[in-house]
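Each chain gets a letter, A, B and so on, in the order its sequence line appears, and its residues count up from 1. Predicted model only: the values in this text are computed from it and were never measured.
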Amino acid sequence: MSRQRTLRIGWLYPTKMNIYGDRGNVIVLSQRAAWRGIEPQVVELDIGDPIPDDIDVFFFGGGQDQEQIAVSNDLAGPKGDRLRSAIEDGAAALAVCGGYQLFGHVYRPHDAPPLPGIGAFDIETDAGSERFIGNVVAESQWGELVGFENHSGLTWLGSGVEPMARIVHGRGNNGQDGTEGAKYRNALGCYLHGSILPKNPALADWLIARGLEYRGQDSELESLPDTLEERAHRSAVARARIERRDEPGRSLLARIAAYAPIPRS
Amino acid sequence: MTARPGIGAVRQSASISAAKATLEVLRRSGRGGTAAPGLVALQIDPEVVSRIARRLPDGAVVVAGTNGKTTTSRMIADIVEASGRSVIHNRSGSNLARGVAATFVEHASLSGNPNGQMAVIESDEAALPEILRLVRPRLVVLNNLFRDQLDRYGELDTVGTKWKAALAKLTPSTRLIVDVDDPTLANITSDLAAPRTTFGLSVPEHKLDELPHAADAAFCRKCGADLTYRELYLGHLGDWVCTSCGFARPALDVMGCDVHLDAMSSLTMSVRSMDKETRDVTVQVPGIYNAYNVTAAVAAGFALGIEPAVVQAALEQFRSPFGRAEKVIFDGREISIALVKNPVGFNEVLRTITGGGSELAAPTMIVINDEFADGRDVSWLWDVDFEMLAAGSLPIATAGIRGADMANRLKYAGVDESRLIPLEGSIEQALQTFLDRTRGEPRVSILPTYTAMLAIRAALGDAGAVDRFWEE
């Protein structure tokens, strides 16, 4: 008998940074571990809580401006250092949207002082003037990824990170260079909500495997039946390919047609 | 210089006639037009709404909030009608500026005279600043502010900030009726020129034990510290207090209390102000969330000077707006339809259909679309506590454009896959299959998002089960 495996999931700021249903990522990591007999343990790491030594995989979601400021303050100093060195050592991590920005060096708002991040990722983010909203399809080492972006921050990758994915459909990090997200060691950051892991199970399993490895556990994962996951993935990809009907600049007639109620049959 | 007919008057009648023509074309082509005529009217005369609104003899009431605005505004319209006044009301839930414009032009003469004494207008959250500017209401009812369709509205803070700026422009001639059980609303309405009537619930028998996952705004808008709740009733609504600065729920001018819930069908409650009361009013709407809507409607009725007995009679005769929580009889079976559109509302529906969280009472179909009006981002499904459905054995079907996301969500919520019926294809086909697969069950539930609800209504209507809503 092999020894009982456990997956310690460190959920950063579950009450403050959870605005876009990103809780789904924690649910998926937990369930996909449990279905394989690996005991998931979710450790909630809120403001003021120290970072434990034995976290296998971190999750860090997105938040509103006010919360993001409070979290940035909380991460300034030893707590941010601990998190950065865990990532440096190979801990698995997924950060989405606001969490992704705070994994970088800095977020620069339009009319407020710059918000420092923990600098685990060699990225910087500027406030943009346009909000990127819509379904995203991107190519990656985990195959085709699909999610939903909703951000105005423009993130620029430095030489110390690689892009997590290449945009096929959507805007990505900054709407210009075709990249989406960033990857450094076993840590990932991106703008993909949806939630992302439920529709991209290969990505979830990669994070679980890297997390198990990090503390020297067996990282072999048996495959799971992913029929529902794949269907959810396909339907989201199909949505991404349909033209957005609320795009600005369309004619009055086109807008009337788009908003008239559905025909009765 | 002699006075010419004002260019405004010309624009106005051109705008109104073009909009009326659009409405007629849409009706004849079998499309229940609600917003398109308004779009035409506003294109020709952007001020058409304010031109008509200022001629209303008894002014206007505007109702806004994430959840309950359709139900509440209908209750208020019924109360005003019961007081003997004719009402203009955007009944079809068409609550963006263009929908409000469509309602006004439909109910006005070509010269811009309204054919009602008072208007009761439901406003979308994002459209509220514009609608307040155009309508200049005498009463504004603010229900709550929950996380909802972030792809449309941006973040909750953004909506709150925009509301605050818009409310600051109101004069003392507008009264606010505000649910101060919502900390955000209490904060943004605390220091305005417009007078405020506060309302909320005091129902210790219905308090929740912990803050649900979908809760927003659990921190103080004044100092940023965490809030605690002496009593929490729904989402982040309740009797709250800041752990640091002491900012707390203001005193209630109008209080809902003694609420008795009768599962999916009705509630009985009392609503009190300093000098008025409606005691033990029974309303045919389910759930604690509707206790808030009833309290808001009573508070509005009192503020309009309508007698408690009239308010009570109107509420006792009230019937749910389309799709909000309605029952239809079809093929000898009872179909309950409850609109779902955001995590807090969905949780309340689940709480109701599982009898407080034990297990489903009837086979259920969840229909998720991701059109603009539904919210294009389905991430919110992961904030709903579907884990409530894990117990029990009744089947759950999923359908709609994003039905596959819903089925996947249920799998991860611990619902056994043998209970799931993932349906593809059109909503009409899915409805047929669901009803076939559950034949023999006297009762079923359908939980659709907004555009899915329109499709379900249309399909059931074609089959003879319910009226088409635009014929109301």
Side-chain angles (χ1 to χ4, degrees), chain A residues 14-16 18-28 30-32 47 62-67 69-70 131 133-135 147-150 152 193-196 198-199 225-236 238-239 244-246 252 255-265, chain B residues 22 26 30-36 39-40 43 98 147 150-152 154-158 211 213 215-216 218-219 221 224 226 343 370-373 376-383 401-409 411-414 417 420 422 424 428 451 454-455 458 461-462 468 470:
Chain A
T15 62
K16 300 241 170 0
N18 71 341
I19 192 162
Y20 292 100
D22 292 324
R23 174 170 83 111
N25 296 314
V26 176
I27 294 173
V28 167
S30 301
Q31 291 284 55
R32 294 184 74 81
I47 287 191
Q64 307 193 51
D65 292 351
Q66 198 170 340
E67 282 103 332
I69 294 167
R131 202 161 181 93
I133 301 177
N135 291 291
F148 194 96
E149 65 181 334
N150 185 351
S152 53
H193 303 283
S195 309
I196 177 178
K199 284 191 278 286
D226 284 334
T227 319
L228 292 176
E229 288 82 347
E230 282 156 16
R231 282 181 52 180
H233 182 104
R234 282 199 304 275
S235 76
R239 272 324 253 172
R244 303 171 181 190
R245 68 185 192 179
D246 57 337
L252 176 65
R255 281 157 62 209
I256 290 171
Y259 286 107
I262 296 164
R264 292 189 0 90
S265 56
Chain B
T22 310
L26 285 169
R31 291 165 79 101
T34 49
L39 207 54
V40 170
Q43 192 85 8
R98 54 182 172 261
R147 181 189 307 196
L150 294 159
D151 57 311
R152 279 173 65 191
E155 297 171 348
L156 189 61
D157 287 347
T158 314
L211 207 57
H213 291 294
D216 306 302
F219 68 94
R221 301 268 150 183
D226 288 338
D370 66 349
E371 302 283 2
F372 183 78
R376 290 165 50 211
D377 183 2
V378 296
S379 298
W380 65 280
L381 295 176
W382 293 88
D383 281 324
I401 300 166
R402 300 302 287 270
D405 282 80
M406 189 62 239
N408 198 33
R409 174 70 187 97
K411 173 183 173 179
Y412 281 90
E417 276 190 71
L420 295 179
E424 288 182 344
E428 292 74 16
T451 67
L454 297 181
D462 281 346
R468 289 173 275 175
W470 50 84

inquiry  = Just so I know, are the side chains of B:Val378 and A:Arg239 near enough to count as touching, which here means a heavy-atom distance under 4.5 Å?
reply    = no
task = Any chance you could measure A:Asn135, atom CG, to B:Asp377, atom CG, to the nearest 0.5 Å?
result = 8.0 Å
request  = Give the minimum heavy-atom separation between B:Ser379 and A:His193, together with the two atoms involved.
outcome  = OG-CB, 3.4 Å
ask   = Does B:Asn408 reach the main-chain N or O of A:Pro198 with its side chain, forming a donor-acceptor pair under 3.5 Å?
value = yes
Interface residue of largest heavy-atom contact number with chain B, from A:Ile27, A:Ile69, A:Asn25, under 4.5 Å = A:Ile27
request  = Considering non-hydrogen atoms only, spot the tightest contact between B:Arg376 and A:Gly134 and give its length.
outcome  = NH2-CA, 3.5 Å
ask   = Which atoms form the tightest heavy-atom contact between B:Asp405 and A:Gly194, and what is the distance?
value = OD2-O, 4.3 Å
note = If one checks every heavy atom of B:Leu420 against chain A at 4.5 Å, the contacting part turns out to be side chain
remark   = Smallest heavy-atom separation, B:Tyr412 atom then A:Glu229 atom, equals OH-OE2, 2.7 Å
ask   = Where on A:Ala236 is there a heavy atom nearer than 4.5 Å to chain B: the side chain, the backbone, both, or neither?
value = both
request  = Taking the side chain as every heavy atom from C-beta outward, state whether B:Glu417 and A:Thr227 have any pair of such atoms under 4.5 Å apart.
outcome  = no
message = So does B:Trp382 get a backbone contact from the side chain of A:Arg23, meaning a donor-acceptor N/O pair under 3.5 Å?
response = yes
task = Considering non-hydrogen atoms only, spot the tightest contact between A:Pro225 and B:Lys411 and give its length.
result = O-NZ, 3.1 Å
